[in-house]
Amino acid sequence: MAGVAGRVALITGAGSAEGIGFAIARALRDAGARVAITATTARIHDRAAELGVHAHIADLTRPDDVAALVASVETALGPVEILVNNAGMVQTGEPMIEADAADMGDAEWYRVMELNLMTAVRTTRACLPAMRKAGRGRVVMMSSVTGPMTAIAGQAAYGAGKSAMMGLVRGLALEEGPRGITVNGVGPGWIATASSLPEEIIAGNHTPIGRPGTPAEVAHAVLMLAADEAGYMTGQLVVVDGGNTIQDIKVAL
């Protein structure tokens, strides 16, 4: 199996040592990919040193930063062949926006869309020309079960952004499939990371599997979608939630 060996992979939002993005970078590196990672702060260089990969600081809400990021990867490793759009939800140093949809102003809505949708739009647009030229590529969007499948009070904007991301996945899959480029989404459920709240861990304990998931388990789903062998899978959402969305009753009786 060729897998991802030798492919140039860019993973966004990989600054946290306990996060999904870093786990994805590790999994791709261990499988033989040539990896680049990015985040908004200098801690990304610590993550790069741990893995021995290329790193570049970028704020993906800024178009110039996106262009500089892709240019940096191309100079260091070559054109991006695997893009994992993991950045989103919250930006380091900024609070997560949580409020009822009717109570949020336009600026708050736009900010949530910037983080959870437009970062992926910009980075994908920047990487697609090289993939088109090569006649091959893999794009994996980190969506969520929240939005495409479920909802959480106070997070309607986040859910809307992640639902829109899946619309983007399907549209791009249709447009880029004839060029040899697949586009898929991964929908994590309750995953234990450094930012997990106590109630989120409790929710994870009530899944059919009986525990929250790990970043490494999400990373393996991404690895599968990124592989050469996944060439006939596109426009899909792969759910990694311990079976939580298949159960009607989610608490012990």
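None of these values were measured; they are calculated from a predicted model.
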Show me, pair by pair, the donor-acceptor contacts under 3.5 angstrom made by side chains of residues 169-183, not counting sequence neighbours?
residue, atom, partner, partner atom, Å
Glu176, OE1, Arg132, NE, 3.1
Glu176, OE1, Arg179, NH1, 3.4
Glu176, OE2, Arg132, NE, 3.4
Glu176, OE2, Arg132, NH2, 2.7
Arg179, NH1, Glu175, O, 2.9

* Counting distance only, does the side-chain N/O of Gln236 pair as donor-acceptor with the main-chain N or O of Val186 below 3.5 Å? -> no

* To do: Evaluate the side chain to side chain contact (heavy atoms under 4.5 Å, CB included) criterion for residues Val145 and Val239: first the C-alpha distance (whole Å), next the side-chain angles of each, then the deciding distance (0.1 Å), finally the verdict.
  => CA-CA 7 Å; Val145 293; Val239 174; 3.7 Å; yes

* All salt bridge (charged side-chain N to carboxylate O under 4.0 Å, His left out) counterparts of Glu98, not counting sequence neighbours -> none

* Asked: Hey, is the main chain of Gly243 close enough, under 3.5 Å, to the side chain of Asp241 for a donor-acceptor pair?
  -> yes

* Asked: Looking at residues at least two apart in the chain, or sitting in another chain, which of them share a salt bridge (charged side-chain N to carboxylate O under 4.0 Å, His left out) with Glu114?
  -> Arg122

* With side chain to side chain contact (heavy atoms under 4.5 Å, CB included) as the test, would you mind laying out the steps for Leu51 and Val35 before giving the verdict? => CA-CA 9 Å; Leu51 295 180; Val35 172; 5.6 Å; no

* Please walk me through it: do Val73 and Val8 pass side chain to side chain contact (heavy atoms under 4.5 Å, CB included)? -> CA-CA 9 Å; Val73 176; Val8 175; 3.9 Å; yes

* **salt bridge (charged side-chain N to carboxylate O under 4.0 Å, His left out) pairs, two or more places apart, involving residues 199-222** => Arg211-Glu217

* Asked: Sub-3.5 Å donor-acceptor pair from the side chain of Thr75 to the main-chain atoms of Ala71, do we have one?
  -> yes

* To do: Would you mind listing the cluster partners of Ile152? Hydrophobic ones only (ILVMFWY), side-chain contacts under 4.5 Å, chaining allowed.
  => Trp190

* Structure fact -> So side-chain hydrogen bond (donor to acceptor under 3.5 Å, both in side chains) across residues 11-37, not counting sequence neighbours, yields none

* Please list, chain by chain and in numerical order, all residues satisfying side-chain contact (heavy atoms from CB on, under 4.5 Å) with Ala160, sequence neighbours excluded. => Trp109, Met113

* Find out if a path of hydrophobic residues (ILVMFWY) with successive side-chain heavy-atom gaps under 4.5 Å connects Ile82 to Val53. => yes

* side-chain contact (heavy atoms from CB on, under 4.5 Å) against Ala58, all qualifying residues, sequence neighbours excluded -> Thr38, His56, Leu60, Asp65, Leu69

* By side-chain contact (heavy atoms from CB on, under 4.5 Å), which residues pair with Ala216, not counting sequence neighbours? -> Thr214

* Asked: Do you know which two heavy atoms are closest between Val70 and Ala126, and how far apart they sit?
  -> CG2-CB, 3.7 Å

* Asked: Within the side chain of Ser196, is there an N or O that forms a donor-acceptor pair under 3.5 Å with the backbone of Thr193?
  -> yes

* To do: Return each pair, listed once, that meets salt bridge (charged side-chain N to carboxylate O under 4.0 Å, His left out) where at least one residue sits in residues 146-168; pairs must be two or more places apart or across chains.
  => none

* For residues 71-83, which residue pairs qualify under salt bridge (charged side-chain N to carboxylate O under 4.0 Å, His left out), counting only residues two or more places apart or in two chains? -> Arg7-Glu81

* Going only through I, L, V, M, F, W and Y residues with side-chain contacts under 4.5 Å, is there a path from Leu28 to Val238? -> yes

* Begin from the C-alpha positions of Asn184 and Met233 and carry the test side chain to side chain contact (heavy atoms under 4.5 Å, CB included) through to its verdict. => CA-CA 8 Å; Asn184 290 288; Met233 187 171 185; 4.2 Å; yes

* **Donor-acceptor contact present, side-chain Thr119 to main-chain Thr61, <3.5 Å** => no

* Contacts of Arg62 that satisfy salt bridge (charged side-chain N to carboxylate O under 4.0 Å, His left out) - sequence neighbours left out -> Asp59

* Under 3.5 Å, side chain of Asn116 to main-chain N/O of Gly88, donor-acceptor pair present? -> no

* **Glu50/Arg47 salt bridge by N-O under 4.0 Å criterion** => yes

* Asked: Does Leu77 belong to the same Ile/Leu/Val/Met/Phe/Trp/Tyr cluster as Leu83, with side-chain heavy atoms less than 4.5 Å apart forming each link?
  -> yes

* **Donor-acceptor under 3.5 Å (Asp103 side chain, Ala99 main chain)** => no

